[in-house]
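Read through the structure below, which is laid out as structure tokens, and then see the notes.
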Amino acid sequence: MGRKLLLEHINVPGINTFDVYRSKGGYASVEKALKMTPEEIVEEVKKSGLRGRGGAGFPTGMKWSFLAKPEGVPRYLVCNGDESEPGTFKDRYLMTHIPHLLIEGMIVSSFALGANTSYIYLRGEMMPQVRILERAIAEAKAKGFLGKNILGTGYDLELYVQPGGGAYICGEETALLESLEGKRGNPRIKPPFPAIAGLYGCPTVVNNVESIAAVVPIINEGGDEYAKIGIGRSTGTKLISAGGNLKKPGVYEIELGLPVEEFIYSDEYCGGIANGKRLKAVVAGGSSVPILPANLILKTINNEARLMSYESLSDGGFVSGTMLGSGGFIAYDEDACIVRNTWNFARFYHHESCGQCSPCREGTGWMEKVLHRLEYGHGKMSDMDLLVDVSKKIEGNTICPLGDAAAWPVASAIRHFRDEFEWHVTNASEATSRNYGLAHYADPLKVVETSPL
Ligand SMILES: Cc1cc2nc3c(=O)[nH]c(=O)nc-3n(C[C@H](O)[C@H](O)[C@H](O)COP(=O)(O)O)c2cc1C
Ligand code: SF4
């Protein structure tokens, strides 16, 4: 059994209440941290090797140490709970079931950063979670863990929950800050980075829900202990939201370094592919990361077992690797249509583009239209090259990474499944009636038989 640092008590009845959470050792990290100096806390987080769980995997301790500290200017901690990436639903799970873990992490992290006002920004549709968090904040405040003079230490912290307008782009940290300031959620040009000029122009750290929750076990057990879990520069545990054609979809806490095959097929995790089908492809880290065919998600290019870690998943670069991203793991069985899935993702990114830069605004629309005609039997053989060309023109040429996020799924689907796209052109009538590219299944490299596990 892998160690559980975040979800250990998730099934304890009433764990969403202060009293039950406290009876399981909750808020001990606040008591410990308030006796430390902010610098010591930052040092523990650095030692832990924690990397941001929002997608990019940037080291959290290093990000904290970049925070500017000008005299007389407030600093802010903003928790990013926007979580709108298709396939990703781990933060919502954590906030719904164990809200005090996030609040505890927010108090310790705010103290470490010298913030006296902090925010948890949620996607506008997450109103149940807004209410859950507000109730938990009121409980923590009543017990002296928030507000003025926390636990008699002289430290003050006000924590607010802010629902957003309901847009994927508001998860991008600078768009989030615009939205939090009451404006339209358009990403800002960087630099300046939020650590220098963030919320209301003041130094700000934006961290993912899971990153902030992970600060709790780091302070309780110490950064060195945390760093012993995991593999290489992928330390600690990670929440993975598993969906698609799996026997047991859900949210799992894994120790980083777990073999992908074990995650998919063992009963401790997803239990294999549903309905006795074979695995065809996987999106390992949310819709933004390159899709990989089954053989490449189970093995690296050197024929080693592919692991659930930042390094192993990206082995082979964008030619034959992918990314851990936000931990949104989607498995596709042999009946899944890659063309339809790619069109679906493209439709999402076109809809969510904020429209500030033309490669993203126009390119996502083009990709959606071309993929639509391929899926519905009006495609041309030249469309695949056209899609790759458009994706290259978007990639790296935009204000924020949403452009890359839109380009990579399309480019990787064509790289690995070009024959299925071609099949949609040559067998237009069958493709339109959704006989999902059966030609593909004969290819032993792409479809993997049920695992021996
Ligand atoms: C289009 C887009 C959407 C994003 N959505 C989220 C999100 O929902 N949650 C999140 O934590 N990070 C999201 N990010 C990443 C954030 O910009 C930022 O890197 C992250 O919140 C930093 O937290 P971390 O260092 O703890 O990972 C998104 C980025 C982009 C480009
Ligand atoms: S890349 Fe897309 S979402 Fe990001 S700023 Fe440009 S238009 Fe907006």
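Indexing begins at 1, ligand by ligand and atom by atom, following the structure's order.
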Query raised in the report: Between Arg53 and ligand 1, which residue portion shows a heavy-atom distance shorter than 4.0 Å: side chain, backbone, both, or neither?
Result: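 The answer is the backbone.
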Query raised in the report: Under a 4.0 Å heavy-atom limit, does Ala56 contact ligand 1 with its side chain, its backbone, both, or neither?
Result: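 For Ala56, no heavy atom sits under 4.0 Å from ligand 1.
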With heavy-atom distances below 4.0 Å as the criterion, list the atoms of ligand 2 near [X].
X	result
Cys354	3 (S), 5 (S), 7 (S), 8 (Fe)
Cys357	1 (S), 5 (S), 6 (Fe), 7 (S)
Gln356	5 (S), 7 (S), 8 (Fe)
Pro187	5 (S)
Ser353	2 (Fe), 7 (S)
Thr398	1 (S)
Ile399	5 (S)
Gly403	1 (S)

Residue [X] vicinity, atoms of ligand 1 by number, heavy atom under 4.0 Å:
X	value
Gly52	24 (P), 25 (O), 26 (O), 27 (O)
Pro401	31 (C)
Glu83	7 (C), 8 (O)

I need the nearest protein heavy-atom contact for [atom]: residue, atom name and distance, please.
atom	value
atom 2 (Fe) of ligand 2	Cys360 SG, 2.4 Å
atom 1 (C) of ligand 1	Tyr168 CE2, 3.6 Å
atom 22 (C) of ligand 1	Lys63 NZ, 3.3 Å
atom 6 (C) of ligand 1	Gly171 O, 3.3 Å
atom 12 (N) of ligand 1	Asn80 ND2, 3.1 Å
atom 27 (O) of ligand 1	Gly54 N, 2.7 Å
atom 18 (C) of ligand 1	Glu173 OE1, 3.9 Å

Query raised in the report: Hey, are Glu85 and Ser288 close enough side-chain-wise for a donor-acceptor pair under 3.5 Å?
Result: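 There is such a pair between these side chains.
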Report task. Would you please say whether a donor-acceptor pair under 3.5 Å links the side chains of Thr117 and Glu158? Result ->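 The answer is no; no qualifying pair exists.
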Query raised in the report: Parallel, tilted or perpendicular for Tyr27 and His100, by the 30°/60° rule?
Result: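 Tyr27 and His100: perpendicular rings.
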Requested in this report: Name the orientation class of the two ring planes belonging to Tyr76 and Tyr200 (parallel below 30°, tilted from 30 to 60°, perpendicular beyond 60°).
Outcome: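 Rings of Tyr76 and Tyr200: perpendicular, as their planes differ by over 60°.
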Query raised in the report: atom 30 (C) of ligand 1: which of Glu210, Glu352, Glu172, Arg51 has the nearest heavy atom?
Result: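 Checking each option, the heavy atom nearest atom 30 (C) of ligand 1 is found in Glu172.
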Requested in this report: Using a cut-off of 6.0 Å, state whether more than 12 heavy atoms not belonging to Lys35 lie near its atom NZ.
Outcome: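 It does not: Lys35 NZ has 12 such atoms or fewer within range.
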Report task. For atom 4 (Fe) of ligand 2, decide whether Cys400 has an N, O or S atom at a distance under 2.8 Å. Result ->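 An N, O or S atom of Cys400 is closer than 2.8 Å to atom 4 (Fe) of ligand 2, so yes.
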Requested in this report: Could you grab the distance from atom CD of Glu104 to atom CZ of Arg22, nearest 0.5 Å is fine?
Outcome: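 The CD atom of Glu104 sits 8.5 Å away from the CZ atom of Arg22.
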Query - Nearest-0.5 Å distance that lies between atom OG1 in Thr364 and atom CZ in Arg347 - result: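 Thr364 atom OG1 to Arg347 atom CZ measures 13.5 Å (nearest 0.5 Å).
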Query raised in the report: So which bit of Ile169 gets within less than 4.0 Å of ligand 2, heavy atoms only: side chain, backbone, both or neither?
Result: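 Answer for Ile169: side chain.
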**Report entry** Check: Phe329 ring centre within less than 6.0 Å of Phe263 ring centre
**Finding:**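 Judged by ring-centre distance (under 6.0 Å), Phe329 and Phe263 do meet the cut-off.
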